[in-house]
Amino acid sequence: TMKNPVPQAASLLLEKLMLLVHIRPLPAGSGGETPLPAPGYYDTSCFKRGDLLEVPRTLFIHFGIYLGENRVAHLMPDILPSITSDRRQIQQVVTNKRLILGVIARTASVRVDTVEDFAYGGSILVNHMDRLFEDQVLGSEEAARRAEKLVGATAYSLLWNNCEHFVTYCRYGAPVSFQTDKFCETVKMIIRDQRSVLASVLVGLASIVCLGVAPSTTLPTIFIPFFLWMAG
């Protein structure tokens, strides 16, 4: 039996749209990567092993599990693990080019980096998601051990297996992604709204055909939503 191509096409479209918001922006006029903060930039004394760390960015949030001693396990799309086994190359900070190619190839790695490399200059929230899971929070040591067991190359999907799925599995026992769900709901709302506009335009056109040419004062009312829909 042939699979329905519509859900697959929709999934690919959503992944391409989400790719645009996962790329780390470069500073204006910069030809390279954003310089990382110096070691010791973050105060890690308040972090405990097994903590879930969030780094809010402009359009998305990056997640990791703190392992202690200034080390964070986090899932990053990366093309290198699929083309080389050189651990020294793979361990270097993931550039935008590696990230983009990793998303396209659907390859990634759960890697351990310093807090500075993980946060990339952003502010850090600690265990901010615990309020959403209430009694589902696992022990801190269990969360850290889960993260350590998953270190290494893995498959990647912006929709089904991203950094948020990784940390929620480690700390709460269930891989979920609220920002992916929110993004998908937003896309659905946009599609529904455009369908509503198109439907109203078609009804207006049908009225003109069935009842005769509408007065000139009503024509703009009918076609303005159409032009807005086309422009969107």
Side-chain angles (χ1 to χ4, degrees), residues 18 22 24 36-37 39-57 60-94 98-99 102-103 105-181:
M18 289 191 68
H22 274 67
R24 291 175 294 196
L36 293 172
Y41 179 84
Y42 294 95
D43 179 11
T44 61
S45 62
C46 60
F47 300 160
K48 297 179 181 178
R49 179 172 163 83
D51 279 349
L52 191 157
L53 307 185
E54 294 182 39
V55 181
R57 302 200 184 279
F60 74 102
I61 302 173
H62 189 51
F63 298 87
I65 297 292
Y66 188 64
L67 301 180
E69 299 179 347
N70 199 37
R71 298 174 302 128
V72 183
H74 59 130
L75 190 153
M76 283 283 288
D78 187 5
I79 190 65
L80 278 190
S82 66
I83 60 178
T84 182
S85 57
D86 188 337
R87 297 186 63 181
R88 293 179 61 184
Q89 283 189 342
I90 294 174
Q91 193 56 36
Q92 293 177 359
V93 177
V94 178
R98 284 169 59 181
L99 185 151
V103 172
R106 299 193 176 193
T107 61
S109 65
V110 175
R111 49 187 290 131
V112 177
D113 285 310
T114 64
V115 171
E116 288 77 17
D117 287 356
F118 161 75
Y120 218 79
S123 58
I124 299 177
L125 300 177
V126 183
N127 298 330
H128 188 246
M129 294 183 70
D130 284 6
R131 58 192 174 84
L132 301 175
F133 288 88
E134 297 181 355
D135 299 331
Q136 292 180 249
V137 181
L138 301 176
S140 296
E141 186 60 29
E142 171 66 16
R145 287 179 179 176
R146 284 186 173 216
E148 290 169 338
K149 287 180 181 178
L150 293 174
V151 169
T154 184
Y156 185 79
S157 169
L158 283 168
L159 294 179
W160 319 120
N161 188 38
N162 60 38
C163 61
E164 189 174 4
H165 292 104
F166 165 68
V167 297
T168 52
Y169 165 76
C170 291
R171 187 164 177 86
Y172 310 117
V176 297
S177 175
F178 292 107
Q179 60 182 345
T180 296
D181 293 343

Test side chain to side chain contact (heavy atoms under 4.5 Å, CB included) applied to F47 and V72, step by step: CA-CA 11 Å; F47 300 160; V72 183; over 6 Å; no

Main-chain N/O of [Y] paired to [X] side chain as donor or acceptor, under 3.5 Å:
X    : Y    : value
T84  : L80  : no
R49  : E141 : no
N162 : L158 : yes
T114 : R71  : no
T168 : V176 : yes
R171 : V137 : no
N127 : L52  : yes
N70  : T44  : no
Y172 : E134 : no

Rounded distance (nearest 0.5 Å) linking atom [atom1] of [X] with atom [atom2] of [Y]:
X    : Y    : atom1 : atom2 : answer
L159 : H165 : CG    : NE2   : 8.0 Å
M76  : I90  : CE    : CD1   : 13.5 Å
T154 : D78  : OG1   : CG    : 12.0 Å
L75  : L150 : CG    : CG    : 9.0 Å
Q89  : I83  : CD    : CD1   : 8.0 Å

Please name the pair of heavy atoms, one in [X] and one in [Y], separated by the smallest distance, quoted to 0.1 Å.
X    : Y    : value
C46  : D51  : O-OD2, 4.1 Å
L67  : A73  : CD1-CB, 3.9 Å
R146 : C170 : CD-O, 3.5 Å
A108 : Y156 : CB-CB, 3.5 Å
F118 : R57  : O-NH2, 3.9 Å
G122 : Y42  : O-OH, 2.6 Å

Side chain to side chain contact (heavy atoms under 4.5 Å, CB included) assessment of V93 paired with D113: CA-CA 8 Å; V93 177; D113 285 310; 5.7 Å; no

Trace of the side chain to side chain contact (heavy atoms under 4.5 Å, CB included) decision for E54 with V167: CA-CA 10 Å; E54 294 182 39; V167 297; over 6 Å; no

Pair V126-K48, side chain to side chain contact (heavy atoms under 4.5 Å, CB included): steps then yes or no: CA-CA 9 Å; V126 183; K48 297 179 181 178; over 6 Å; no

Parallel, tilted or perpendicular: ring planes of H74 versus H62, cut at 30 and 60 degrees: perpendicular

Those residues that, when tested against Y41, pass ring pair (Phe, Tyr, Trp, His ring centres under 6.0 Å) (two or more places apart): none

Close side-chain approach of P81 and T107, heavy atoms under 4.5 Å: no

